[in-house]
Peer 1: 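Take a look at the following structure, please.
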Number of protein chains: 2
Amino acid sequence: MASPSYAKTPLNKLGRLPNRGAYDYATVHSILNASPMLHVSFTDPQHPFPVVLPMIGCTGNFADPDADPATSEQHVYLHGYVSGRLFRAGKDGGEEGLPMTIAASLLDGLVLSLTPFHNSCNYRSAIAYGHASPVTLEPERLYALTLITNNLLPSRWESSRAPPTSAELQSTSVLRVKIASASAKVRTGGPSEDRKDLKDGALRARVWTGVVPVWHMWGVPVPGRLNGVREVEPYIEGWRVGENEKGRERAYEAVGEGK
Amino acid sequence: MASPSYAKTPLNKLGRLPNRGAYDYATVHSILNASPMLHVSFTDPQHPFPVVLPMIGCTGNFADPDADPATSEQHVYLHGYVSGRLFRAGKDGGEEGLPMTIAASLLDGLVLSLTPFHNSCNYRSAIAYGHASPVTLEPERLYALTLITNNLLPSRWESSRAPPTSAELQSTSVLRVKIASASAKVRTGGPSEDRKDLKDGALRARVWTGVVPVWHMWGVPVPGRLNGVREVEPYIEGWRVGENEKGRERAYEAVGEGK
């Protein structure tokens with residue numbers, strides 16, 4: 001099935017370099033879910049400066065939990081651990097919920113050209129605009145917490161002590177953000193150059209140009225002081241090694257030339 | 001010299017887990033400068049949702065360029081490549097400039113405990129609130145562009161074709177953000193656990209707990225199609241290998257136990 005798209009409106013339409021833009025569910029949701037941290041921004045009526053919080057979260061849909069995020073409508077679920085302020089605001093946000101903007105950005109490489117003016121970065125970024133409300137129903141909270149836990153490390157939820165006690169569940173807040181609009185921006189490729197620089201043989205013989213790919217490297221796990229398991233469990237090691245390999249491949253694929 | 005601090009006010013004071021908070025210049029500025037991408041957020045009067053843009057930038061002070069960011073007042077300089085909208089807003093922001101919030105977050109590890117409720121992340125994040133204005137004076141623009149280029153890759157500015165032509169300089173926008181307030185939040189250490197879980201021998205024998213450290217890995221550079229230099233220049237390789245080693249060390253140091 002083709003991936004549906006968010007409608008282009010004045011809110012989400014990319015002004016600069018629109019050819020780098022993407023609006024389809026597959027691109028937008030995959031970037032949100034690949035980003036281990038999300039930046040959540042909302043207006044604080046007490047200050048002229050928006051509030052920005054780093055939070056953990058991912059996309060999902062409680063009404064249709066088996067649906068593929070690439071082709072189906074998704075909400076963003078946020079784990080409220082970080083901020084009491086946000087959740088208070090969420091409660092006061094009225095029926096529609098608190099308007100917020102969620103940003104995810106992943107760096108894939110540093111692009112070096114003959115002159116700093118043409119330097120760039122390979123990256124994937126997604127922005128989702130939506131209305132946040134606290135999730136009050138227990139089954140949906142459990143669904144969202146499972147999703148968020150396993151989005152970071154697949155199978156961790158069922159491989160550890162779950163479900164939470166009701167006291168734990170009471171003290172954990174989950175926000176559901178109904179997406180009103182969203183877009184993504186992806187930059188790939190090598191350096192672009194100025195025509196004049198390309199004619200300067202001495203410059204070209206002196207300045208290395210290309211891409212330094214970058215990705216998240218997950219290192220050998222360090223057991224906690226109270227850990228009682230001798231070997232790191234295979235699903236953790238499998239995930240770690242797989243993520244490193246996928247990250248490496250993606251960063252090199254983004255270069256799209258050479259190698 | 002001790003590092004001065006941003007004053008604690010209702011704007012920047014951390015509500016939750018205040019013991020993770022830091023307000024000193026050294027911590028705040030170093031996190032802003034260590035983050036290859038910054039998230040810049042400001043209010044868009046046309047929409048209820050804040051605008052969030054991933055941007056490149058770093059701290060500096062044109063009036064005192066040799067001052068140490070750990071001990072001296074800094075502005076945030078942003079490279080305006082990404083958004084015309086922002087720079088238009090900046091121009092209209094009045095004398096004080098456009099109020100904005102700048103966020104930098106770096107993930108150092110995934111912290112796994114016996115139960116998802118106690119899972120956490122090791123991270124460093126900084127938030128700076130300030131007023132942004134376009135930098136109009138050419139020497140300050142050159143200063144800021146040099147700083148931003150070399151903050152990503154030291155010596156790149158002077159090792160490539162610089163300064164920019166006046167046409168390039170005209171078409172590049174730089175914003176100076178005067179910091180009104182700022183704070184940082186740093187989480188380090190291993191997992192914390194529930195007392196009851198620690199008494200459950202079967203659980204402890206089954207679930208691995210600890211930290212999976214994570215850092216940015218810069219891979220072997222890929223030459224561009226038009227590159228004319230056979231070997232990657234030593235300052236690039238030195239930076240790359242050094243960053244990887246520093247990132248690794250920092251992520252393991254953040255664990256603070258085991259190993």
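Keep in mind that the numbers below use all heavy atoms, side chains included, and drop hydrogens, waters and symmetry copies.
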Peer 1: Report which part of A:I236 has an atom under 4.5 Å of a heavy atom belonging to chain B: side chain, backbone, both, or neither.
Peer 2: side chain
Peer 1: Quick check on the interface: out of B:A180, B:S159, B:S181, B:P36, who has the most heavy-atom pairs with chain A under 4.5 Å?
Peer 2: B:S159
Peer 1: Quick check on A:R240 against chain B: is it the side chain, the backbone, both or neither that has a heavy atom closer than 4.5 Å?
Peer 2: side chain
Peer 1: Sort out for me which of A:R206, A:M37, A:E193 touches chain B most, counting heavy-atom pairs under 4.5 Å.
Peer 2: A:R206
Peer 1: Measure the spacing between CD of B:E168 and OG1 of A:T115 and express it to the nearest 0.5 Å.
Peer 2: 5.0 Å
Peer 1: Which heavy atom of B:L110 sits nearest a heavy atom of A:L152, and at what distance?
Peer 2: CD1-CD1, 3.9 Å
Peer 1: Between the main-chain N or O of B:L226 and the side-chain N or O of A:R204, is there a donor-acceptor pair closer than 3.5 Å?
Peer 2: yes
Peer 1: So which of A:S105, A:A103, A:A251 has the biggest tally of heavy-atom pairs under 4.5 Å with chain B?
Peer 2: A:S105
Peer 1: With respect to chain A, which residue among B:V111, B:L114, B:T149, B:T146 yields the maximal number of heavy-atom pairs within a distance under 4.5 Å?
Peer 2: B:L114
Peer 1: Check B:V51, B:V52, B:L53 against A:I127 for a side chain to side chain contact (heavy atoms under 4.5 Å, CB included) and give me the one that passes.
Peer 2: B:V52
Peer 1: How long is the gap from OG on A:S41 to NE2 on B:H39, to the nearest 0.5 Å?
Peer 2: 10.5 Å
Peer 1: Against chain B, label A:S125 side chain, backbone, both or neither, depending on which of its atoms sit under 4.5 Å from a heavy atom there.
Peer 2: side chain
Peer 1: I need the B:W218 CH2 to A:L107 CG distance, nearest 0.5 Å.
Peer 2: 5.0 Å
Peer 1: Looking only at heavy atoms and a cut-off of under 4.5 Å, which of B:G247, B:A162, B:P164, B:G130 has the most pairs with chain A?
Peer 2: B:G130
Peer 1: Heavy atoms only, distances under 4.5 angstrom: which of A:K196, A:R156, A:E233, A:H216 has the most pairs with chain B? Name it, please.
Peer 2: A:R156
Peer 1: Heavy-atom distances under 4.5 Å only: say whether B:L14 touches chain A with side chain, backbone, both or neither.
Peer 2: neither
Peer 1: Using heavy-atom distances under 4.5 Å, tell me whether A:L112 contacts chain B through its side chain, its backbone, both, or neither.
Peer 2: both
Peer 1: Calculate, to the nearest 0.5 Å, the distance between atoms CH2 and CD belonging to B:W208 and A:E231 respectively.
Peer 2: 12.0 Å
Peer 1: Sort A:E243 into side chain, backbone, both or neither according to what part of it lies under 4.5 angstrom from a heavy atom of chain B.
Peer 2: neither
Peer 1: Could you state the interatomic distance from NE2 (A:H118) to OG (B:S160), rounded to the nearest 0.5 Å?
Peer 2: 11.5 Å
Peer 1: Could you tell me which of A:G109, A:P163, A:S113 has the largest number of non-hydrogen atom pairs under 4.5 Å with chain B?
Peer 2: A:S113
Peer 1: Which distance, rounded to the nearest 0.5 Å, do you find between the OG1 of A:T165 and the CG of B:D194?
Peer 2: 7.0 Å
Peer 1: May I ask you to test the A:V220-B:Y252 pair for a side-chain heavy-atom distance under 4.5 Å?
Peer 2: yes
Peer 1: So which residue, A:P48, A:G228, A:P116, ends up with the most heavy-atom pairs under 4.5 Å with chain B?
Peer 2: A:P116
Peer 1: With side chains defined as the heavy atoms from C-beta onward, is the minimum distance between A:M217 and B:N244 less than 4.5 Å?
Peer 2: no
Peer 1: Just by distance, do the side chain of B:T101 and the backbone of A:P50 share a donor-acceptor pair under 3.5 Å?
Peer 2: yes
Peer 1: Can you tell which part of A:E158 gets under 4.5 Å to a heavy atom of chain B, answering side chain, backbone, both or neither?
Peer 2: backbone
